[in-house]
Amino acid sequence: DAEITQSPRHKITETGRQVTLACHQTWNHNNMFWYRQDLGHGLRLIHYSYGVQDTNKGEVSDGYSVSRSNTEDLPLTLESAASSQTSVYFCASSAGGLNTEAFFGQGTRLTVV
Amino acid sequence: RKEVEQDPGPFNVPEGATVAFNCTYSNSASQSFFWYRQDCRKEPKLLMSVYSSGNEDGRFTAQLNRASQYISLLIRDSKLSDSATYLCVVSASGGSYIPTFGRGTSLIVHP
């Protein structure tokens, strides 16, 4: 069965470190998204991609970057981790088009100390 | 103003009750509408899409009012297992298929 997986599931890192969160999907979806979820804010879009070599900034992109070198993967990099980036991160993918469902990974819980 | 607004709740109801959630969206160009369910510390999962004519899936009924930019979800005969956060999602405006989420409405069903 097709799926979308994130790794690691949990990570603790120190302020100032570079951190990369992995996202891999086997749906062959063109669209991929990264969100962060915090209490009181819901899911907020960080970056998204409509296909290979395409990346775009979302609502809360400062301090984050992504790259899309193939269809399956959209890694999220925190260039210099800050305590404000402690959050739960969700990756999602969709086929695009009207009424198409977005499928989510299990999430990565990141703590920056 | 947030693009998708929901009452955060929590809604605390007894088993068997009927409960309704509402959601408003600000982008009149939006074309796709969904309700997702999120259990504690888990990923969101699609509950149902919302169509202009309204649609029903078992105990769940979703309605869309484009004129008022309003979406609703009705849950009949609530079960303990319905306890979760319900997320209103809007997408597909101007060729952009980015799902935009409301903050979610928390439902607690008690015995």
Side-chain angles (χ1 to χ4, degrees), chain A residues 2-7 9-10 21 23 25 27 29-51 54-61 66 74 87-111, chain B residues 1-10 21 23 25-27 29-55 57 62 64 66 71 84-106:
Chain A
E3 60 181 2
I4 177 167
T5 55
Q6 293 182 231
S7 61
R9 297 291 308 279
H10 302 271
L21 310 182
C23 175
Q25 52 101 359
W27 291 98
H29 286 160
N30 284 325
N31 297 351
M32 295 185 73
F33 312 91
W34 273 105
Y35 295 86
R36 61 177 289 176
Q37 187 172 37
D38 306 284
L39 278 174
H41 289 282
L43 282 151
R44 292 182 291 174
L45 184 67
I46 305 171
H47 280 284
Y48 61 100
S49 168
Y50 286 141
D54 176 75
T55 61
N56 305 279
K57 293 182 179 180
E59 178 189 356
V60 290
S61 61
V66 293
L74 188 71
S87 187
V88 179
Y89 291 85
F90 286 103
C91 178
S93 73
S94 76
L98 290 177
N99 299 318
T100 54
E101 176 182 358
F103 295 88
F104 282 79
Q106 316 97 306
T108 296
R109 186 170 295 274
L110 176 69
T111 303
Chain B
R1 179 188 170 193
K2 196 161 170 59
E3 193 167 335
V4 181
E5 299 270 12
Q6 291 182 253
D7 179 349
F21 305 139
C23 167
Y25 60 96
S26 61
N27 189 338
S30 300
Q31 298 183 60
S32 296
F33 309 91
F34 310 89
W35 284 100
Y36 277 68
R37 172 190 169 130
Q38 185 175 25
D39 294 294
C40 188
R41 295 177 174 265
K42 297 287 186 68
E43 72 273 25
K45 292 184 179 178
L46 179 69
L47 177 67
M48 58 196 303
S49 300
V50 187
Y51 302 116
S52 296
S53 55
N55 48 298
D57 182 2
L64 168 64
R66 286 185 183 272
I71 306 160
T85 296
Y86 291 83
L87 303 168
C88 178
V89 184
V90 172
S91 76
S93 58
S96 160
Y97 297 106
I98 302 169
T100 301
F101 287 78
R103 293 179 187 177
T105 299
S106 176

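Predicted model, so just to flag it, every value in this text is computed and none were measured. Numbers restart at 1 for each chain; the letters A, B, ... are given by sequence-line order, proteins then strands.
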- Query: Distance only, no hydrogens: is a donor on one side chain within 3.5 Å (strictly under) of an acceptor on the other, for A:Gln37 and B:Gln38?
  - Reply: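 B:Gln38 and A:Gln37 do have a side-chain donor-acceptor pair below 3.5 Å.
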
Roughly how far apart are [X] [atom1] and [Y] [atom2], rounded to 0.5 Å?
X	Y	atom1	atom2	result
B:Arg103	A:His41	CZ	NE2	7.0 Å
A:Phe104	B:Leu46	CZ	CG	10.0 Å
A:Asn56	B:Ile98	CG	CD1	7.0 Å
B:Glu3	A:Leu45	CD	CG	10.5 Å
B:Arg41	A:Arg109	CZ	CZ	4.0 Å

- For A:Arg44, all residues meeting salt bridge (charged side-chain N to carboxylate O under 4.0 Å, His left out), sequence neighbours excluded: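 Partners of A:Arg44 under the salt bridge (charged side-chain N to carboxylate O under 4.0 Å, His left out) test: A:Asp38.
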
- Task: Report the residues that fulfil ring pair (Phe, Tyr, Trp, His ring centres under 6.0 Å) with A:Phe90, sequence neighbours left out, ordered by chain and then residue number.
- Result: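 In terms of ring pair (Phe, Tyr, Trp, His ring centres under 6.0 Å), with neighbours along the sequence ignored, A:Phe90 is linked to no residue.
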
- Note on the structure: Highest number of heavy-atom pairs under 4.5 Å with chain B among A:Ser94, A:Gly107, A:Gly58, A:Gly40 belongs to A:Gly40

- With a 4.5 Å heavy-atom cut-off, do A:Leu43 and B:Pro44 have their side chains touching? yes

- Without swapping roles, check the side chain of B:Tyr97 against the backbone of A:Ala95 for a donor-acceptor pair under 3.5 Å.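 No, the answer is negative, given that no donor and acceptor are paired below the 3.5 Å cut-off.
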
- Heavy-atom pair of closest approach, residues B:Tyr36 and A:Ala102: OH-N, 2.9 Å

